[in-house]
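First up is the structure itself, then whatever we jot down about it.
Residues take their numbers from the sequence shown, with the count starting at 1.
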Amino acid sequence: MIELKDYIVTTDTVALTEIYHPELNTKIYDLNGIYYSKQTMKEILKKSCDRYGASYQGRIETVRNIFSYWRRTPLMIYPELFLYAFPTKSPEDFTCRWIFPAHIQTHIIENNHLYVIFKNGMKVELNCSLNTYIKQRERTAHCLTHYSVHGPGRDPQNNSTDINGLRFDRWNK
């Protein structure tokens with residue numbers, strides 16, 4: 001069991017789930033392995049949002065104001081890198097799980113349990129209904145699409161995006 005003291009979400013983060021342990025709070029699914037942290041999921045997400053230039057609450061309020069997603073609001077952690085996550089329950093619920101949709105390959109139902117399968121083969125059981133899961137994926141995709149077209153760094157004059165001084169042309173051949 002590898003414990004990380006201060007974890008920051010990156011494009012390698014796949015999911016964050018709760019863990020029932022006397023000293024640890026979060027199980028971190030990452031492309032590089034599975035890790036554990038004393039930090040709560042919310043602490044990890046808040047610190048990550050701060051690291052990427054905006055507060056957790058500010059990111060949540062922005063999505064709520066634009067899309068009116070008042071419950072289980074998707075979180076745009078760092079839109080310039082398409083770093084988004086969605087909760088399976090209220091973020092105030094200890095059993096809420098955060099899923100990073102960029103890594104999702106598919107979902108399956110086995111023995112009446114819903115699982116998400118990630119592109120790297122990791123499998124995480126979800127604690128929500130299939131309808132909630134689909135709705136959360138759609139909401140997050142809606143946010144991602146909106147901000148990839150209208151968001152930070154977007155230059156509508158030449159259909160490119162500027163990320164940290166690098167220009168990416170995503171719309172032209």
Side-chain angles (χ1 to χ4, degrees), residues 7-19 26-35 40-49 52 54-154 161 163 168 170-171:
Y7 184 79
I8 297 293
V9 167
T10 70
T11 54
D12 290 344
T13 307
V14 173
L16 301 175
T17 66
E18 80 285 1
I19 183 171
T26 304
K27 185 173 184 179
I28 302 161
Y29 293 82
D30 188 282
L31 293 180
N32 301 304
I34 295 176
Y35 307 106
T40 65
M41 287 177 272
K42 198 160 188 181
E43 288 171 341
I44 290 171
L45 293 169
K46 283 182 174 183
K47 189 171 186 175
S48 299
C49 287
Y52 295 123
S55 71
Y56 170 91
Q57 193 59 40
R59 295 286 195 197
I60 292 292
E61 287 176 10
T62 297
V63 171
R64 285 179 176 166
N65 289 334
I66 292 172
F67 301 106
S68 299
Y69 298 154
W70 304 107
R71 302 173 109 176
R72 293 186 304 270
T73 307
L75 179 63
M76 53 176 189
I77 299 162
Y78 193 31
E80 292 86 345
L81 290 179
F82 310 104
L83 190 50
Y84 292 78
F86 65 82
T88 59
K89 294 187 171 203
S90 165
E92 303 308 316
D93 187 326
F94 178 74
T95 64
C96 173
R97 294 175 179 193
W98 286 88
I99 306 300
F100 293 73
H103 301 289
I104 294 173
Q105 180 173 326
T106 191
H107 64 272
I108 59 171
I109 297 175
E110 289 180 348
N111 300 320
N112 292 325
H113 295 275
L114 176 62
Y115 295 88
V116 63
I117 309 295
F118 295 98
K119 294 172 187 172
N120 68 350
M122 286 182 173
K123 177 178 169 182
V124 174
E125 183 177 358
L126 298 181
N127 55 358
C128 63
S129 70
L130 178 59
N131 287 340
T132 297
Y133 165 73
I134 291 170
K135 183 177 183 178
Q136 289 301 93
R137 278 194 74 179
E138 288 172 352
R139 286 175 160 194
T140 308
H142 193 198
C143 294
L144 189 146
T145 302
H146 177 82
Y147 282 98
S148 69
V149 174
H150 303 291
R154 172 82 167 95
T161 300
I163 302 173
F168 296 92
R170 294 181 292 158
W171 292 273

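- Under the 3.5 Å distance criterion, the side-chain polar atoms of Q105 are left unmatched by any main-chain donor or acceptor of G121.
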task = Could you give me the CA-CA distance, side-chain angles and deciding distance for S48 and T13, then say whether side-chain contact (heavy atoms from CB on, under 4.5 Å) is met?
result = CA-CA 11 Å; S48 299; T13 307; over 6 Å; no
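- Taking 4.5 Å as the limit, some side-chain heavy atom of Y115 sits within range of a side-chain heavy atom of E125.
- Using a 4.5 Å cut-off on side-chain heavy atoms (C-beta onward), I99 and L126 make contact.
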task = Please report the C-alpha distance between K27 and I34 in whole Å, then the side-chain angles of each, then the deciding distance to 0.1 Å, and finally whether the side-chain contact (heavy atoms from CB on, under 4.5 Å) criterion is met.
result = CA-CA 7 Å; K27 185 173 184 179; I34 295 176; 3.5 Å; yes
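- Between L144 and T140 the shortest side-chain heavy-atom distance does not fall below 4.5 Å.
- Among residue pairs with one or both ends in residues 91-119, those qualifying as salt bridge (Lys or Arg N to Asp or Glu O under 4.0 Å) are E18-R97, K42-E92, E110-K123; sequence neighbours excluded.
- Across S55 and C49, no two heavy atoms sit closer than the pair C-CB, 3.9 Å.
- The OG1 atom of T62 lies 10.0 Å from the CD atom of Q57; values are rounded to the nearest 0.5 Å.
- In this structure the side chain of Y7 never reaches within 4.5 angstrom of the side chain of T26, judged on heavy atoms.
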ask   = What's the verdict on side-chain contact (heavy atoms from CB on, under 4.5 Å) for F100 and I77, showing C-alpha distance, side-chain angles and the deciding distance?
value = CA-CA 10 Å; F100 293 73; I77 299 162; 3.5 Å; yes
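- Put simply, the residue from F67, Y69, Y84 that forms a ring pair (Phe, Tyr, Trp, His ring centres under 6.0 Å) with H146 is F67.
- A distance-only check finds a donor-acceptor pair linking the side chain of N120 to the backbone of M122 [under 3.5 Å].
- For N32, the side chain to side chain contact (heavy atoms under 4.5 Å, CB included) test picks out D12, D30, Y35, with sequence neighbours left out.
- Residues L45 and P91 form no side-chain contact, since every pair of their non-hydrogen atoms from C-beta on lies 4.5 Å or further apart.
- In this structure, CZ on R139 lies 11.0 Å from NE2 on H142, to the nearest 0.5 angstrom.
- Looking at every heavy atom in both residues, P74 comes nearest to I60 through O-CD1, 4.1 Å.
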task = Would you please test R137 and F86 for side-chain contact (heavy atoms from CB on, under 4.5 Å) and show each step?
result = CA-CA 7 Å; R137 278 194 74 179; F86 65 82; 3.7 Å; yes
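- Under the 3.5 Å distance criterion, the side-chain polar atoms of R59 are matched with a main-chain donor or acceptor of M76.
- Annotation for I8 and K47: closest pair CD1-CG, 3.6 Å, computed over non-hydrogen atoms.
- Put simply, the side chain of Y52 does not reach to within 4.5 Å of the side chain of P79, judged on heavy atoms.
- Side-chain N or O atoms of H103 include one that pairs as donor or acceptor with a backbone N or O of T11 at under 3.5 Å.
- Annotation: side chain of I44 is in contact with side chain of I28 (closest heavy-atom distance under 4.5 Å).
- Just one residue in the list V116, I104, L31 forms a side chain to side chain contact (heavy atoms under 4.5 Å, CB included) with V14, and that residue is L31.
- Each of N127, T132, N131 was checked for a side-chain hydrogen bond (donor to acceptor under 3.5 Å, both in side chains) with S129, and the lone residue meeting it is T132.
- Dense packing is recorded around NZ of K89, with more than 12 heavy atoms of other residues, nucleotides or ligands lying under 6.0 Å away.
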